[in-house]
Amino acid sequence: QVQLVESGGGLVQAGGSLRLSCAASGSIFSINDMGWYRQAPGKQRELVARITSSGITNYADSVKGRFTISRDNAKNTVYLQMSSLKPEDTAVYYCNAEVVTSSTRTRYMYWGQGTQVSVSS
């Protein structure tokens with residue numbers, strides 16, 4: 001079994017910054033893509049940013065230039081540095097990882113439990 005544990009959410013004023021972390025643990029052979037998604041009340045979950053195992057990134061247009069995704073492969077951890085936050089960034093943020101498990105060498109998609117980010121105006 002694999003677990004993704006997120007941390008770093010909270011309440012911040014517009015223009016402020018937050019850094020989210022997501023650590024994967026368990027029966028991990030390797031991790032391919034990792035990413036961050038968010039879901040605001042009444043809206044569908046949407047991609048925020050993704051990063052490949054080799055460090056190639058892509059971002060939603062709404063966060064380009066403000067958010068930076070990175071990862072530490074040795075720690076099986078992905079980060080999301082969020083700057084110049086806006087009220088419309090308010091959402092529950094979920095991390096996601098495509099994991100090849102040690103036991104079966106099968107790829108599975110795992111999700112974290114979500115962390116709330118609230119940006120006040």
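Remember, predicted model here, so these are calculated numbers, not experimental data. Counting from 1, the numbers follow the sequence of the chain as shown.
With values rounded to the nearest 0.5 angstrom, E6 atom CD is found 12.0 Å from T77 atom OG1. Atoms CG and CE, from L80 and M34 in turn, are 12.0 Å apart once rounded to the nearest 0.5 Å. Separating the CD1 atom in I56 from the CD1 atom in I51 is a distance of 9.5 Å, to the nearest 0.5 Å. To the nearest 0.5 angstrom, L18 atom CG is 8.5 Å from L11 atom CG. Taking CD1 of I28 as the reference point, atom CD1 of I31 lies at 4.5 Å (rounded to 0.5 Å).
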Criterion side-chain contact (heavy atoms from CB on, under 4.5 Å) on T106 and F29, from CA distance to verdict: CA-CA 9 Å; T106 304; F29 177 74; over 6 Å; no

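Taking 4.5 Å as the limit, every side-chain heavy atom of F67 sits out of range of all side-chain heavy atoms of L20. No side-chain heavy atom of L4 sits less than 4.5 Å from a side-chain heavy atom of V78. Inter-residue side-chain proximity for Y110 and V99 is flagged as met; some heavy-atom pair is nearer than 4.5 Å. Residues Q1 and Q3 are in side-chain contact: their nearest non-hydrogen atoms beyond the backbone lie under 4.5 Å apart.
At distances below 3.5 Å, not a single donor-acceptor pair connects side-chain atoms of Q81 with backbone N or O atoms of R19. Side-chain atoms of T101 do not come within 3.5 Å of backbone N or O of S27 as any donor-acceptor pair. Although no hydrogens or angles enter the test, the distance criterion places a donor-acceptor pair under 3.5 Å between the side chain of Y59 and the main chain of I69. Under a 3.5 Å cut-off, the side chain of N32 and the backbone N or O of S53 do not form any donor-acceptor pair. No donor-acceptor pair under 3.5 Å is formed between the side chain of T115 and the backbone N or O of S7.
The cationic group of R71 does not satisfy the cation-pi geometry with Y79, failing either the under 6.0 Å distance to the six-membered ring centre or the 45° limit from the ring axis.
Relative orientation of the Y94 and W111 rings is perpendicular, given thresholds of 30° and 60° on the angle between their planes.
In this structure, Y37 and V48 approach most closely via the heavy-atom pair C-CG2, 3.9 Å. Scanning all heavy atoms of the two residues, the minimum distance from W36 to S21 falls at CH2-O, 3.6 Å. Considering every non-hydrogen atom in both A40 and T90, the closest pair reads CB-O, 3.7 Å. Residues S84 and R66 approach most closely at O-NH1, 2.9 Å, considering heavy atoms.
Salt bridge absent: D89 and K86 never bring a charged side-chain N and a carboxylate O closer than 4.0 Å.
Checked by atom type, the side-chain pair Q116/S118 shows a donor-acceptor distance below 3.5 Å. Judged purely by distance below 3.5 Å, without hydrogens or angles, the side chains of R38 and Y93 pair a donor atom with an acceptor atom. A donor-acceptor contact closer than 3.5 angstrom links the side chains of N96 and R50.
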